[in-house]
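Just so we're on the same page: letters track the sequence lines, and every chain starts at 1.
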Amino acid sequence: MIKITEENNRVILEGVKDLQLDHTFDNGQCFRWYREEDGSYTGVAFGRAANIGCIDGTILLNDVSLKDYYEIWKDYLDLERDYGEIKRKLSEQDPDMEKAIGYGHGMRILQQDKWETLISFILSQNNNIARIRNCVEGLCTAHGKPLGKYRGKMQYAFPRAEDLAKLRPQELEPCRLGYRANYIVETAKQIAADDGRTLESLGKASAKEAYEYLLSLSGVGPKVANCIMLFSMEKYDSFPLDVWIKRVMNQVYHIEEGNVKKMQEYATEHFGAYGGIAQQYLFYYAREINSRRRDRSEC
DNA sequence: AGCCAGGCCCAAC
DNA sequence: GTTGGGCATGGC
């Protein structure tokens with residue numbers, strides 16, 4: 001059980017298991033969290049800026065009220081889910097999965113805002129993570145509501161659909177989104193048309209229903225749709241197949257390169273309801289061992 | 001300096 | 001229904 005205390009505009013969580021900040025914020029599922037010198041992360045979600053740190057296994061939600069903890073951060077960090085159980089089941093599948101989970105053991109799938117996830121992953125196509133972050137930040141700075149200065153930097157909410165829907169693609173040129181600017185404006189129009197109601201309703205819709213609606217949006221194909229369902233709609237059987245995972249499916253599970261259908265079937269058969277979570281452990285592991293980034297041990 | 005990136009669209013089969 | 005070229009941009 002998590003022990004929750006509040007003091008000095010900060011919420012302290014003791015007894016949180018299976019959460020390591022870099023595994024969660026630096027695994028490619030989100031683009032607006034920045035690592036500080038002390039290993040904490042500063043970012044914006046659902047229109048709130050915050051800093052999240054970890055000392056000796058205790059999670060510190062800095063500049064967070066108890067009210068916001070219950071209304072936003074508890075679910076955002078997916079703290080009600082038992083990842084120990086999920087990891088145990090997935091680890092039984094094969095030694096490579098076990099190894100990937102050992103590597104990213106503190107990863108949790110954030111429950112992000114649907115609209116923000118939609119736009120962010122349209123921007124992700126044929127792009128790299130470092131630049132996706134710049135694209136998202138540029139979009140927020142240019143078109144998001146200012147939230148005031150926080151930790152030495154002006155912070156902005158993610159832009160609203162109705163604001164982006166008013167733009168001409170050309171007006172997004174300063175954000176350097178490339179050809180994706182057209183998709184952003186088109187999709188913003190589609191979402192703003194019913195004030196985002198359909199998009200929001202997809203959380204309770206079937207995976208099939210959500211998938212079909214998402215594919216109807218400009219710039220959303222199978223891979224992006226699966227990311228949106230996994231990272232913002234709690235549809236954990238969604239299995240996004242990007243270039244990294246395709247590589248893993250080929251090299252580790254020996255499925256012919258490009259046989260997407262067989263890859264999806266393999267995921268369904270072996271990882272089932274937690275396919276998307278399995279996919280994220282594999283993604284993080286595959287990328288980390290290929291980037292030999294600096295060691296980041298922490299609690 | 002090139003290669004490549006959490007792919008999708010659209011035309012041509 | 002499947003396949004392949006084209007695609008803006010900049011990190012590395």
Side-chain angles (χ1 to χ4, degrees), chain A residues 23-35 100 104 107 109-110 112 114 116-139 141-142 167-190 211-233 235-236 238-252 256-264 267 275-294:
Chain A
H23 294 175
T24 292
F25 288 126
D26 202 17
N27 73 12
Q29 65 175 320
C30 56
F31 304 103
R32 300 201 67 196
W33 290 94
Y34 294 88
R35 187 181 173 92
M107 181 205 82
I109 304 293
L110 301 171
Q112 301 184 67
K114 296 176 183 63
E116 175 175 339
T117 306
L118 165 60
I119 295 303
S120 297
F121 279 91
I122 288 176
L123 294 176
S124 78
Q125 67 178 78
N126 202 33
N127 209 343
N128 61 66
I129 290 178
R131 202 170 87 87
I132 297 164
R133 294 167 70 89
N134 291 334
C135 288
V136 171
E137 214 47 53
L139 197 58
T141 303
L167 300 172
R168 293 163 48 215
Q170 193 181 342
E171 298 177 85
L172 285 171
E173 205 279 334
C175 299
R176 314 302 290 161
L177 311 182
Y179 65 90
R180 307 167 192 82
N182 299 305
Y183 300 149
I184 298 303
V185 174
E186 272 315 299
T187 289
K189 284 179 187 165
Q190 292 175 267
Y211 187 70
E212 284 171 3
Y213 175 76
L214 291 170
L215 282 191
S216 77
L217 300 170
S218 179
V220 179
K223 189 273 172 183
V224 168
N226 276 303
C227 282
I228 298 163
M229 293 195 291
L230 175 59
F231 299 137
S232 73
M233 295 178 181
K235 303 199 187 307
Y236 299 106
S238 308
F239 195 81
L241 279 164
D242 76 319
V243 294
W244 292 92
I245 293 298
K246 284 177 184 171
R247 227 168 271 159
V248 170
M249 297 306 283
N250 174 245
Q251 292 171 8
V252 178
E256 312 85 83
E257 230 173 313
N259 194 340
V260 171
K261 189 178 290 178
K262 198 181 244 185
M263 293 177 183
Q264 288 289 353
I277 300 176
Q279 174 275 156
Q280 201 61 13
Y281 288 121
L282 291 173
F283 179 81
Y284 183 67
Y285 182 60
R287 281 177 43 84
E288 287 291 314
I289 61 178
N290 274 287
S291 75
R292 79 171 186 293
R293 95 182 49 211
R294 67 178 182 280

Output the rounded distance in Å from [atom1] ([X]) to [atom2] ([N]).
| X | N | atom1 | atom2 | value |
| --- | --- | --- | --- | --- |
| A:Leu217 | B:dC8 | CG | C1' | 13 Å |
| A:Ile184 | B:dC8 | CD1 | C1' | 12 Å |
| A:Phe239 | B:dG6 | CZ | C1' | 13 Å |
| A:Ile245 | B:dA5 | CD1 | C1' | 15 Å |
| A:Met107 | B:dG6 | CE | P | 17 Å |
| A:Asn226 | B:dC8 | CG | C1' | 14 Å |
| A:Glu288 | B:dG6 | CD | P | 12 Å |
| A:Ile122 | B:dC9 | CD1 | C1' | 13 Å |

Within the side chain of [X], is there an N or O that forms a donor-acceptor pair under 3.5 Å with the backbone of [Y]?
| X | Y | value |
| --- | --- | --- |
| A:Gln264 | A:Phe239 | yes |
| A:Gln29 | A:Ile109 | no |
| A:Ser218 | A:Thr187 | no |
| A:Arg180 | A:Gln125 | yes |
| A:Gln190 | A:Ser216 | yes |

### Query
When the nearest nucleotide of DNA chain B is assigned to A:Val220 and to A:Cys227 on a heavy-atom basis, which residue is associated with the more 5' position?
A:Cys227
With sugar-phosphate meaning primed atoms plus P, OP1 and OP2, does [X] contact a base, only sugar-phosphate, or nothing at under 4.0 Å between heavy atoms?
| X | answer |
| --- | --- |
| A:Gln280 | base |
| A:Arg247 | sugar-phosphate |
| A:Gly219 | sugar-phosphate |
| A:Phe31 | nothing |
| A:Ile129 | sugar-phosphate |

### Message
Please evaluate residues A:Glu137 and A:Arg32 with respect to the criterion salt bridge (charged side-chain N to carboxylate O under 4.0 Å, His left out), reporting the C-alpha separation (whole Å), side-chain torsions for both, the decisive distance (0.1 Å), and the verdict.
### Response
CA-CA 7 Å; A:Glu137 214 47 53; A:Arg32 300 201 67 196; 3.2 Å; yes
[N] and [M]: how far apart are their [atom1] atoms, nearest whole angstrom?
| N | M | atom1 | answer |
| --- | --- | --- | --- |
| B:dA1 | C:dT9 | C1' | 16 Å |
| B:dG6 | C:dG5 | P | 23 Å |
| B:dC3 | C:dA8 | C1' | 15 Å |

### Task
Give the dot-bracket string for DNA chain B, reading 5' to 3', where a pair is Watson-Crick or G-U wobble with both distances under 3.5 Å, ( ) marks pairs inside the strand, [ ] marks pairs crossing earlier ones, | marks a partner on another strand, and . marks unpaired.
.||||.|||||||
### Message
Nearest to the side chain of A:Phe121, heavy atoms from C-beta on, is which of B:dG6, C:dC12, B:dC8?
### Response
B:dG6
Kindly write out the residues that satisfy ring pair (Phe, Tyr, Trp, His ring centres under 6.0 Å) with [X], not counting sequence neighbours, or none if the list is empty.
| X | answer |
| --- | --- |
| A:Phe121 | A:Phe31, A:Phe231 |
| A:Phe25 | A:Trp33, A:Tyr41 |
| A:Tyr236 | none |

### Query
Does A:Glu257 CD have over 12 foreign heavy atoms under 6.0 Å away?
no
### Task
With the side chain counted from C-beta on, respond yes when A:Val248 and A:Phe283 share a heavy-atom pair under 4.5 Å apart, and no when they do not.
no
### Query
With a 4.5 Å heavy-atom cut-off, do A:Ile228 and A:Lys235 have their side chains touching?
no
### Inter-residue atom distance A:Ile245.CD1 - A:Asn250.CG, 0.5 Å rounding
12.5 Å
Between protein and nucleotides 10-13 of chain B, what N or O pairs are separated by less than 3.5 Å?
none

Polar atom pairs (N or O), protein with nucleotides 5-8 of chain C, under 3.5 Å:
from: C:dA8; atom 1: O4'; to: A:Tyr179; atom 2: N; distance (Å): 3.2
from: C:dA8; atom 1: N6; to: A:Asn126; atom 2: ND2; distance (Å): 2.8
from: C:dA8; atom 1: N1; to: A:Asn126; atom 2: O; distance (Å): 3.4
from: C:dA8; atom 1: N1; to: A:Asn126; atom 2: ND2; distance (Å): 3.4
from: C:dA8; atom 1: N1; to: A:Arg180; atom 2: NH2; distance (Å): 3.3

